[in-house]
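As the structure is a computational prediction, the values presented were derived from the model and not from experiment. Within every chain, numbering begins at 1; the chains are lettered A, B, ... in the order of the sequence lines, protein sequences first and strands thereafter.
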Amino acid sequence: MLFVFLRKFLLVIPTLIGASLIAFALIRLVPGDPVLNLLGERGGNPQVVAEMRAKLGIDKPLAEQYWIFLKNALHGDLGDSIVSNRPVAEEFWSRFPATLELAGVSLVWSILLGLPLGILAALRRNSALDYSVIGVSLIGYSMPIFWWGLILVIVFSVQLGWFPVSGRLSVFFEVPPKTGFLLVDSLLSEEGWSAFVDAVKHLVLPSIVLGTIPLAVMARMTRSSLLEVLGEDYVRTAKAKGLSWFRVVYVHALRNALIPIVTVVGLMVGALLTGAVLTETIFSWPGIGRWLVKSVEARDYPVIQGGVLYLAFLIVMVNLIVDLTYLWIYPRMRSRT
Amino acid sequence: MSLLQVQNLNIDFSTTQGVVNVLRDVSFHLNEGEALGLVGESGSGKSVTSLAVFDLLASNAQVRSGQILFRGRNIFGLSEVEKVKIRGSEISMIFQDPMTSLNPCFNVEYQVGEVLRMHQGLEGSSLRDRVIELLAKVGIPDPQSRLKTYPHELSGGMSQRVMIAMAIACSPKILIADEPTTALDVTIQKQILSLLQKLRKETGMSLILVSHDLGVIAQNTDRLLVMYAGEIVEEGRSSDVIQRPLHPYTEGLLKCLPGAYKLEGRQFRLPTIPGIVPNLAERPQGCQLSPRCPYKFQACVNGAIVLGAVGDARHVRCIKEDLHGPA
Ligand SMILES: Nc1ncnc2c1ncn2[C@@H]1O[C@H](COP(=O)(O)OP(=O)(O)O)[C@@H](O)[C@H]1O
Ligand SMILES: [Mg+2]
């Protein structure tokens with residue numbers, strides 16, 4: 001068991017190197033250059049440009065640049081943003097709570113809705129309810145996020161005026177940042193409840209958009225996993241033992257059905273963090289996604305390399321947590337090497 | 001009155017091939033303390049019969065007619081709550097594959113204890129003591145240390161013992177063992193069968209032993225039923241049936257056995273039983289065995305053959321001896 005974990009842990013390193021290498025290479029493949037961006041369309045004095053390039057270290061050969069980046073990263077230094085001159089790490093952590101809040105809320109509601117929908121569909125197999133769950137999840141899964149977001153904004157913000165169009169909080173609220181999570185900070189602030197309600201209203205549409213695909217995946221996965229487990233011998237044993245229908249389904253079957261579901265949740269966390277890029281852009285959500293998009297526009301190399309590395313690290317950590325969860329649900333894993 | 005009475009049971013399954021009649025007019029009884037055998041090739045309807053006693057058939061099954069009386073009450077007429085009370089406490093069951101019949105997510109103590117908690121409301125240390133006692137009773141060495149064991153850490157034989165412990169936890173009146181040893185090694189098979197015998201004698205419960213192996217059935221039961229294509233084709237005291245099978249199918253089953261059950265001085269025209277169990281969606285006319293039977297007469301396919309009494313406590317669904325006299 002320890003061995004399995006050690007192996008997983010060692011795999012983290014090549015994963016992170018790979019992710020950072022891809023980010024490093026891709027951003028340099030995009031035409032343009034951070035210095036020209038900074039100096040504007042016209043460029044400027046070629047000598048100034050060369051000096052700035054040298055200062056940023058982007059005049060060196062690519063391999064050397066990557067090596068320097070990697071070496072510094074190992075020491076915890078991801079460099080400074082070219083645009084803001086602030087350390088990438090600081091910029092990352094100041095924006096991360098916004099993304100985490102959005103992704104977290106999306107994940108929670110997609111699980112809270114997807115799990116029971118999947119269970120109901122499995123228990124009423126081939127019923128109208130089952131077919132609707134399958135149908136809706138298929139639609140949800142194939143929905144283009146950008147289009148879906150715009151439709152929601154047009155209907156619920158522009159026409160009905162129920163929810164704000166963008167941002168995390170209305171301008172007239174003054175909420176001092178404590179945790180970075182507005183759902184918490186708003187309650188701690190002087191404005192209290194009304195600020196909290198405002199923050200919730202801002203979260204509704206983006207989290208629906210971001211949670212749609214996870215919801216669809218969750219419902220479908222739960223349904224198929226539970227259906228499979230309900231046909232297992234031990235479920236028949238549970239029935240023959242004289243257990244109530246409730247215990248058979250929710251204790252004996254669901255526990256086993258959760259194994260693939262947990263895997264999916266793990267994968268979804270990754271999808272949510274990356275999916276946040278689109279959603280945050282649509283809703284001007286001040287999180288990691290929008291920050292990365294802006295940095296690509298500005299060719300802010302250190303931000304992109306560092307930001308992607310951070311995201312990759314977080315996703316890898318989530319996967320390790322998922323593996324630990326397996327051990328808890330599924331005892332057989334505990335002795336497997 | 002018998003403990004269990006199955007009367008004219010007809011069960012259909014809806015499948016992609018349409019509605020298939022799987023059990024045809026199955027009737028039998030089980031006496032208090034008796035060991036009854038149910039034997040037949042795979043696909044003959046033994047498991048469907050066993051599960052019907054629990055009313056635990058797959059959702060595509062339909063009981064077309066007949067009833068199952070347990071202590072005089074029709075199982076199919078009971079409410080779900082009443083059935084749940086009977087299952088696992090008054091009638092229990094063990095299955096063919098013990099390794100997959102235990103839930104991989106729960107340890108032995110939980111799974112055995114669950115029956116006692118549900119049916120008898122035991123909790124805490126009295127529950128644990130009872131679980132240890134049961135594990136000892138089914139021959140699990142050092143039961144205390146096995147409590148926290150998970151199914152994947154158990155061998156097939158040990159798993160079946162745990163299943164048996166679970167099944168006898170509430171001192172049931174009837175234990176149904178559906179091919180309890182088919183998935184196990186030969187030496188383990190013997191141990192499990194003698195454990196079942198021992199428990200039956202100690203507790204006075206009735207046993208329905210299901211197997212495709214006539215040898216196993218003959219050695220371990222008082223009376224047996226031979227099933228073919230969802231029908232009972234022969235019934236009698238196990239020793240009588242072994243000595244003088246009346247149905248050609250029983251004869252064929254017997255012939256398949258090695259050594260011990262060879263009949264002396266009898267000529268068999270069935271080296272084994274050629275052919276296969278009929279597709280239940282397209283049953284043959286008349287006798288179900290007729291396409292495979294070496295004794296076949298015209299009368300066999302003219303109409304349904306009834307299960308007729310032969311002497312004392314024997315029944316056979318065959319007209320061979322009526323037409324020819326004893327072979
Ligand atoms: N859920 C089901 N749906 C359709 N047919 C079934 C189902 N369960 C059993 N059968 C059919 O019923 C017949 C008897 O099966 P079974 O009782 O399992 O046989 P046995 O236990 O004697 O090997 C087989 O032909 C099998 O295909
Ligand atoms: Mg069977």
Above 12 or not: heavy atoms from other molecules or residues under 6.0 Å from OH of Y110(B)?
yes
Residues in residues 204-240 of chain A that sit under 4.5 Å from chain B, counting heavy atoms only
D233(A), Y234(A), R236(A), T237(A), K239(A), A240(A)
Are more than 12 heavy atoms from other residues, nucleotides or ligands located less than 6.0 Å from atom CZ of R124(A)?
no
Separation between CD of E80(B) and OG of S244(A), rounded to the nearest 0.5 Å
9.5 Å
Exceeds 12 heavy-atom contacts within 6.0 angstrom, atom CH2 of W148(A)
no
Please say whether more than 12 non-hydrogen atoms of neighbouring residues, nucleotides or ligands are located less than 6.0 Å from CZ in F181(A).
yes
K83(B), NZ: over 12 other non-hydrogen atoms inside 6.0 angstrom
yes
So do H119(B) and K241(A) actually touch side chain to side chain, heavy atoms under 4.5 Å?
no
Modelled atom types, side-chain donor and acceptor of H252(A) and Q111(B), under 3.5 Å
no
Heavy-atom cut-off 4.5 Å, strictly under: side chain, backbone, both or neither for L56(B) against chain A?
side chain
The reported gap from SG in C105(B) to CD1 in I259(A) (rounded to nearest 0.5 angstrom) is 4.5 Å
Which atoms of I94(B) are under 4.5 Å from chain A, going by heavy atoms: the side chain, the backbone, both sets, or neither?
neither
Decide yes or no for V84(B) and W245(A): does some side-chain heavy atom of the first lie under 4.5 Å from some side-chain heavy atom of the second?
no
Given that the side chain runs from C-beta out, which part of R125(A) has a heavy atom under 4.5 Å from chain B: side chain, backbone, both or neither?
neither
Heavy atoms of other groups near Q144(B) CD, more than 12 under 6.0 Å:
no
Quick one: ring-ring contact (aromatic ring centres under 6.0 Å, His included) partners of F92(A), sequence neighbours excluded?
F96(A), Y310(A)
